Peer 1: 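Got a structure for you, written out below as structure tokens; questions coming shortly.
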Amino acid sequence: MANSDFLLQFQEFDEDGKLPISIRDSTSVDMDGITKPQKAQSKQTGPTALELENDDVDTDDAKAELLPNEKRGMPFWTFEYYQTFFNVDTQEVKSRIFGSILPWRGKNFVSLHIRSNPDLYGPFWICATLVFAIAISGNISTFLVHRGDPQYKYVPEFRKVTMAATAIYSYAWLVPLALWGFLTWRNSKIVSSVSYSFLEIVCVYGYSLSIYIPAVVLWIIPSEGVRWFSIVAALCLSGSVLVMTFWPTIRDDRPRVAGAIIMTIVALHVLLAVGCKAYFFSTREDENTSKLRQVEEIKAQPTLKTNAV
């Protein structure tokens, strides 16, 4: 009876949650009044709940690490393969545009903005915006030049969209392809500490064209001084980004080769800007057309007077 009263009392447990040694081997009484020896709690030999939870976390981490590798291993003819090239947010695109407009000495544009996640979203839409900006601004500029001419009838020139798209996209893809091939060939002959992939070079050229969008809008103003000032400003800003970006890849080469590459990059950049200005915003052609019309009007006046007499 004394043993039963002892078991009905509150007992103190050890720090590990086990009964004291004096009670572990004591007997217990069930509802039927049958006494049973109380066995000591055995140690768990299987994995604990904490270990199982840790195993689940490790499994999830392993699966998360496999997902990017699976995306990189996608075949190039699938949609998922190209989806990774457009996986950027608005903030990244803005920072890359500002980085291409405002070059800083000692800061590499690729390593600072592009290398972590090269994309095609920004270059594609920058080129598309520039194409339509050139075509629309060119049509508006032509209309402003002939404004006030009673014989002039405005007709939209849609061919300017085709010509602008051919020039811009050819420059944004073919020039990086040629440059990447040449740099790869030179890197096989010399040891260079810096090298760029084809996608990174496309990003550099695509984002470097963003400064031309506001410059082209200024070309609507029928003033050659304003147009040439915007061209020079855009060339200096975007050209300096190209030079500072590609100089680390060729500075270990021979001086003549490095100088020739830099001169070629700058020359093609200048050729694009001056060519677009000369073709889509040519004032000489418009002036010649106006002069020819004035001459025709002067020649037609005596004929009209003779018929009137």
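Please read these numbers as outputs of a predicted model, since none were measured by experiment.
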Peer 1: Can you check whether E157's main-chain N or O pairs, donor with acceptor, with N139's side chain at less than 3.5 Å?
Peer 2: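 Yes: the side chain of N139 pairs with the backbone of E157.
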Peer 1: Suppose we screen for side chain to side chain donor-acceptor pair (under 3.5 Å). Which residues come up paired with S100, at least two apart in sequence or across chains?
Peer 2: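 Listed in chain order: S210.
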Peer 1: Could you tell me the separation between the CD1 atom of I201 and the CG atom of L179, rounded to the nearest 0.5 Å?
Peer 2: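 Answer rounded to 0.5 Å: 5.0 Å.
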Peer 1: Could you grab the distance from atom OG of S240 to atom CZ of F109, nearest 0.5 Å is fine?
Peer 2: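 Taking OG in S240 and CZ in F109, the distance rounds to 11.5 Å.
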Peer 1: Donor-acceptor check, side chain of Y196 to backbone of T249, threshold 3.5 angstrom: yes or no?
Peer 2: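 Pair absent, no side-chain N/O of Y196 close to backbone of T249.
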Peer 1: Testing the basics here: between W247 and A258, what is the closest heavy-atom pair and its distance to 0.1 Å?
Peer 2: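 Result for this residue pair: CZ3-CB, 3.9 Å.
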Peer 1: For T162, is there any backbone N or O sitting under 3.5 Å from a side-chain donor or acceptor partner on T166?
Peer 2: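 Here the side-chain-to-backbone pair exists.
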Peer 1: Out of curiosity, L242 CG to S208 OG, how far, rounded to the nearest 0.5 Å?
Peer 2: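 These two atoms lie 4.5 Å from each other.
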Peer 1: I'd like to know if the side chain of R115 and the backbone of V110 have a donor-acceptor N/O pair within less than 3.5 Å.
Peer 2: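 The answer is no, because no donor-acceptor pair under 3.5 Å joins these two groups.
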Peer 1: Quiz question: by atom type and distance under 3.5 Å, do the side chains of Y171 and H269 form a donor-acceptor pair?
Peer 2: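 Judged by distance alone, the side chains do pair up.
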Peer 1: Closest heavy-atom contact between Y212 and S238?
Peer 2: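 Result for this residue pair: OH-OG, 3.7 Å.
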Peer 1: As an exercise, state the distance from SG of C127 to CD1 of I168, rounded to the nearest 0.5 Å.
Peer 2: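 C127 atom SG to I168 atom CD1 measures 7.0 Å (nearest 0.5 Å).
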Peer 1: How far does CD1 of I262 sit from CZ of F246, to the nearest 0.5 angstrom?
Peer 2: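 The distance works out to 9.0 Å.
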Peer 1: Side chains of S230 and W219 only: does a donor on one sit below 3.5 Å from an acceptor on the other?
Peer 2: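 There is such a pair (donor and acceptor under 3.5 Å, judged by atom type) between the side chains of S230 and W219.
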Peer 1: For Q83, is there any backbone N or O sitting under 3.5 Å from a side-chain donor or acceptor partner on N87?
Peer 2: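 No, because the side chain of N87 does not come within donor-acceptor range (under 3.5 Å) of the backbone of Q83.
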Peer 1: Does the side chain to side chain contact (heavy atoms under 4.5 Å, CB included) test come out yes or no for L144 and I220, once each step is laid out?
Peer 2: CA-CA 8 Å; L144 293 177; I220 297 176; 3.8 Å; yes
Peer 1: Between S188 and W185, is there a donor-acceptor pair closer than 3.5 Å when you use the side chain of the first and the backbone of the second?
Peer 2: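 Here the side-chain-to-backbone pair exists.
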Peer 1: Are Y207 and D119 linked by a side-chain donor-acceptor pair shorter than 3.5 Å?
Peer 2: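 A pair is found: one side chain offers a donor N or O, the other an acceptor, under 3.5 Å apart.
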Peer 1: Under 3.5 Å, side chain of R227 to main-chain N/O of F281, donor-acceptor pair present?
Peer 2: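 Flag set: sc R227 to bb F281 pair under 3.5 Å.
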Peer 1: Rounded at 0.5 Å granularity, tell me how far CG in D252 sits from CZ in R186.
Peer 2: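 D252 atom CG to R186 atom CZ measures 11.5 Å (nearest 0.5 Å).
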Peer 1: Under 4.5 Å between any side-chain heavy atoms of L272 and L209, yes or no?
Peer 2: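 Yes, close enough: below the 4.5 Å cut-off.
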